[in-house]
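Below is one structure, written out as structure tokens; the observations come after it.
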Amino acid sequence: MNDQAKKKQINAIKGTKDILPDEIWKWQKLETEARLVFERYGYREIRTPVFEATELFIKGTGSTTDIVTKEMYTFVDKGGRSITLRPEYTPSVVRSIIENRLNLQPQPLRFYFIGPMFRYDKPQKGRYRQFHQIDIEVFGEKDPAIDAEIVEMAKNLLTRMGVTDTDVLVNSVGCQTCRPGYREKLKQKAEESRSRLCPDCQRKIGTNPLRIFDCKVEACKEISIEFPKITDFLCPECDEHFKQFCKYLDAFDISYSIEPSLVRGLDYYTKTTFEFSSRSLGAQDAVLGGGRYDDMMKEFGGPDICGTGFAVGVERLLSIVSVEENQQEWLYLIYLGDEAKSAAMEVARFLRENGVKCLVEYRERSLRNQLSRANKLNAAWVLIIGEDEVKKGTFQLKNMKTAHQDTVTKEEILKHIRRTN
RNA sequence: GUGAGUGUAGCUCAACUGGUUAGAGCACUGGACUGUGGAUCCAGAGGUUGGGGGUUCGAGACCCCUCACUCACCCCA
């Protein structure tokens with residue numbers, strides 16, 4: 001290695017980051033809460049590989065979506081197969097259900113999943129190249145009550161994480177019978193006002209007219225207010241489904257607003273779409289998003305089973321959670337001298353066997369120094385073992401908060417610690 | 001992919017319109033203080049000022065290139 005190469009530090013890949021010990025507790029807390037909440041609603045965990053055949057996402061996510069056309073991590077493996085790191089989760093579950101014949105189990109099927117996703121986006125606030133999602137999916141339940149139930153479940157999870165200031169947006173994007181007609185109508189209207197729209201929106205007329213509703217330019221906002229809304233163009237079936245969905249949301253006492261521009265960037269959504277957004281997140285304000293995808297399974301050549309679900313953006317959610325770390329109390333073992341060292345190791349073994357978290361540091365230092373260290377590391381207790389203690393078979397147990405100190409035997413340590421817990 | 005902003009010690013920031021050896025606070029290590037922590041004081045360690053080139057007697061500062069980070073567009077969790 002030459003000098004230049006030595007200097008070049010190797011860093012984490014752009015758009016990825018380390019989750020350090022000081023913050024991992026938030027992740028663990030969220031994962032624990034998610035499992036607890038989901039299992040209460042009858043969901044079971046499923047895990048699928050991080051990479052899949054590229055074709056799966058082209059077919060499932062949609063060949064015209066941004067995700068597929070420009071954001072996938074795709075490579076050819078040594079066997080010449082085209083492989084893609086999953087950019088989203090739903091196609092993997094659908095694949096797994098078909099492949100494992102899970103549809104033969106009693107429906108609806110309820111699954112949840114926690115894991116990393118990969119998208120080659122340009123990183124910014126709330127957007128990473130490796131990011132994590134917590135997903136839930138339900139297959140084989142057409143009733144809009146289930147859509148409302150998952151929204152309620154989502155809200156439940158957020159509340160448990162101390163996040164209560166989110167806005168719930170809902171919409172229906174219709175189905176294959178009503179959406180094409182609406183799209184044409186919208187295009188037509190937008191075309192009529194083309195000259196008054198910003199250049200960006202003029203382009204959207206051709207590519208994604210629904211996105212015009214999202215434009216931040218005042219003029220565009222005013223103009224798009226008069227554009228036709230999808231909710232006025234739903235076919236009777238979709239219309240009824242959406243009305244029922246809203247009715248059940250009311251029954252769950254969830255406040256929401258109907259947002260006609262909420263279309264989600266994925267091609268496969270039908271009927272229900274929803275999103276939880278937070279004002280404290282910046283431009284990427286969606287903490288959680290989801291909806292119904294009734295046609296996906298069928299299009300994969302699988303059974304005609306409808307689906308609905310949502311995904312939580314873990315990094316986004318964690319950036320706005322307000323929960324306290326629940327720190328475990330632990331004991332720092334101080335020894336003075338060689339004999340005491342062996343005794344300390346023996347006591348530590350005894351304590352750990354009895355479920356006490358304790359730390360012995362192998363450094364020959366003064367008592368003062370070790371106490372100072374225990375204090376810095378935020379130990380709740382200190383056990384001091386010196387020559388006297390070794391002779392007598394008792395130890396000095398000190399509570400670091402109260403500075404109170406007792407002379408105790410090995411067995412008594414357990415009682416003292418439990419008493420104050 | 002497009003655009004803007006920012007790069008000085010582990011962290012937060014100084015260093016006048018370009019002028020000695022780039023400083024401070026916090027954090028870190030040790031000592032004052034030999035079996036009792038948090039305080040105080042002293043000392044130490046820590047930097048090719050992101051990297052490269054240029055202008056200049058002289059660049060952390062000015063110019064160009066590059067890299068990284070951040071934010072926004074786009075899109076999404």
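Chain identifiers are assigned alphabetically (A, B, ...) following the order of the sequence lines, protein sequences preceding nucleic acid strands; residue numbering begins at 1 within each chain.
- As rounded to whole Å, 18 Å separates atom P of B:C33 from atom CG of A:Leu371.
- A:Gln202 contributes a side-chain N or O that, together with a main-chain N or O of A:Arg194, makes up a donor-acceptor pair within less than 3.5 Å.
- Counting any heavy atom pair closer than 4.0 Å across all strands shown, A:Ala374 reaches no nucleic acid atom.
- For A:Tyr112, the ring pair (Phe, Tyr, Trp, His ring centres under 6.0 Å) criterion is met by A:Phe38, not counting sequence neighbours.
- RNA chain B is contacted by A:Phe131, A:Gln133 of residues 129-136 of chain A, taking any non-hydrogen atom closer than 4.0 Å.
- Here, B:G25 and B:C67 have their C1' atoms 31 Å apart, quoted to the whole Å.
- Side-chain contact check for A:Gln244 and A:Asp147: no donor-acceptor pair (N or O, by modelled atom type) lies under 3.5 Å.
- Nucleic acid contact class of A:Ile384 (heavy atoms, under 4.0 Å, all strands): base.
- We find that CG of A:Leu377 is positioned 15 Å from P of B:A27, with the value rounded to whole Å.
- Here, B:U8 and B:G60 have their C1' atoms 7 Å apart, quoted to the whole Å.
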Give each protein N/O atom lying under 3.5 Å from an N/O atom of nucleotides 38-42 of chain B, with the pair distance.
{"residue": "B:G38", "atom": "O4'", "partner": "A:Asn375", "partner atom": "ND2", "Å": "3.0"}

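- Ring-centre distance between A:His132 and A:Trp27: below the 6.0 Å cut-off.
- One can place CD1 of A:Ile320 at 12 Å from C1' of B:A77, the figure rounded to the nearest angstrom.
- Distance from the side chain of A:Lys376 is smallest for B:C28 among the nucleotides B:C71, B:C28, B:C74.
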inquiry  = Let's test your reading of the pairing rules: Watson-Crick or G-U wobble, both distances under 3.5 Å, then write RNA chain B as a dot-bracket string with ( ), [ ], | and dots.
reply    = (((((((..((((.....[...)))).(((((.......))))).....(((((..]....))))))))))))....
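- Distance alone, capped at 3.5 Å, is enough to place a donor-acceptor pair between the A:Arg352 side chain and the A:Cys358 backbone.
- Residues from residues 11-27 of chain A that place a heavy atom under 4.0 Å from any atom of RNA chain B, listed by number: A:Lys14.
- Relative to the side chain of A:Arg373, the nucleotides B:G31, B:U29, B:C75 differ in distance, and B:U29 lies closest.
- A:Arg316 contributes a side-chain N or O that, together with a main-chain N or O of A:Gly126, makes up a donor-acceptor pair within less than 3.5 Å.
- Residue A:Gln284 places its side chain closer to B:C73 than to any other of B:G31, B:C73, B:U36.
- For A:Phe227, there are no ring pair (Phe, Tyr, Trp, His ring centres under 6.0 Å) partners at least two apart in sequence or on another chain.
- The side-chain contact (heavy atoms from CB on, under 4.5 Å) test with A:Leu158 is passed by exactly one of A:Val168, A:Thr166, A:Ile320: A:Thr166.
- Using C1' as the reference atom, B:A14 and B:C26 are 15 Å apart when rounded to the nearest Å.
- Here A:Tyr43 pairs with nothing under the ring pair (Phe, Tyr, Trp, His ring centres under 6.0 Å) rule; sequence neighbours left out.
- B:U36 atom C1' lies 14 Å from atom CG of A:Asn399, rounded to whole Å.
- For A:Gln370 against B:U36, a side-chain-to-base donor-acceptor contact under 3.5 Å is absent.
- Both A:Leu281 and A:Val314 lie near RNA chain B, and the one whose nearest nucleotide falls closer to the 5' end is A:Leu281.
- Partners of A:Lys122 under the side-chain hydrogen bond (donor to acceptor under 3.5 Å, both in side chains) rule, at least two apart in sequence or in another chain, do not exist in this structure.
- Comparing the same atom, P, in B:G3 and in B:U66 gives a spacing of 12 Å after rounding to whole Å.
- Distance alone, capped at 3.5 Å, places no donor-acceptor pair between the A:Lys17 side chain and the A:Ile13 backbone.
- Between A:Glu52 and A:Thr84, the side chains place no donor N or O within less than 3.5 Å of an acceptor N or O (distance only, hydrogens not considered).
- Among the heavy atoms of the strands lying under 4.0 Å from A:Gly126 is at least one base atom, whether or not backbone atoms are also near.
- Between B:G30, B:C74, B:G35, one nucleotide has an atom nearer to the side chain of A:Gln396 than all others, and that is B:G35.
- Backbone-only engagement by A:Glu71 is indicated by non-hydrogen atom pairs under 4.0 Å involving sugar-phosphate atoms exclusively.
- Using modelled atom types, no side-chain atom of A:His241 and backbone atom of A:Gly174 make a donor-acceptor pair closer than 3.5 Å.
- Residues satisfying the side-chain hydrogen bond (donor to acceptor under 3.5 Å, both in side chains) criterion with A:Ser366, sequence neighbours excluded, are absent altogether.
- With distances taken from any side-chain atom of A:Lys70 to the nucleotides B:U36, B:G30, B:C74, the minimum falls on B:C74.
- The nearest whole Å value for the distance from the CG atom in A:Leu336 to the P atom in B:U34 is 12 Å.
- Contact record, A:Leu351 with A:Leu331: CD1-CD2, 4.0 Å, taken as the closest heavy-atom pair.
- Every residue meeting the ring pair (Phe, Tyr, Trp, His ring centres under 6.0 Å) condition with A:Tyr182, not counting sequence neighbours, appears here in chain and number order: A:Phe233.
- Relative ring orientation between A:Phe310 and A:Phe274 is described as perpendicular, the plane-to-plane angle rising above 60° on a 0-90° scale split at 30° and 60°.
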Would you tabulate the nitrogen or oxygen pairs shorter than 3.5 Å linking the protein to nucleotides 1-5 of chain B?
{"residue": "B:U2", "atom": "O4", "partner": "A:Lys122", "partner atom": "NZ", "Å": "2.9"}

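- Between B:G30 and B:U70, the distance separating the two P atoms is 35 Å to the nearest Å.
- Remark: the separation of the P atoms in B:G7 and B:G51 is 14 Å, to the nearest Å.
- Side-chain atoms of A:Thr32 come within 3.5 Å of backbone N or O of A:Gln28 as a donor-acceptor pair.
- A:Arg365 places its CZ atom 17 Å from the C1' atom of B:U36, with the value rounded to the nearest Å.
- Rounded to whole angstrom, the span from the CG atom of A:Asp66 across to the P atom of B:C75 amounts to 6 Å.
- In this structure, the nucleotide among B:G35, B:A77, B:C75 sitting nearest to the side chain of A:Ser366 is B:G35.
- The gap from the P atom of B:G37 to that of B:A32 amounts to 13 Å, rounded to the nearest Å.
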Cut-off 3.5 Å, no hydrogens considered: what does the side-chain donor-acceptor table look like for residues 148-157 of chain A, sequence neighbours left out?
{"residue": "A:Glu149", "atom": "OE1", "partner": "A:Arg110", "partner atom": "NH1", "Å": "3.1"}
{"residue": "A:Glu152", "atom": "OE1", "partner": "A:Tyr41", "partner atom": "OH", "Å": "2.7"}
{"residue": "A:Glu152", "atom": "OE2", "partner": "A:Tyr41", "partner atom": "OH", "Å": "3.4"}
{"residue": "A:Asn156", "atom": "ND2", "partner": "A:Tyr41", "partner atom": "OH", "Å": "3.2"}

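- For the P atom pair drawn from B:A27 and B:G38, the interatomic distance equals 13 Å after rounding to whole Å.
- The CG atom of A:Asp406 sits 18 Å away from the P atom of B:U36 (whole-angstrom rounding).
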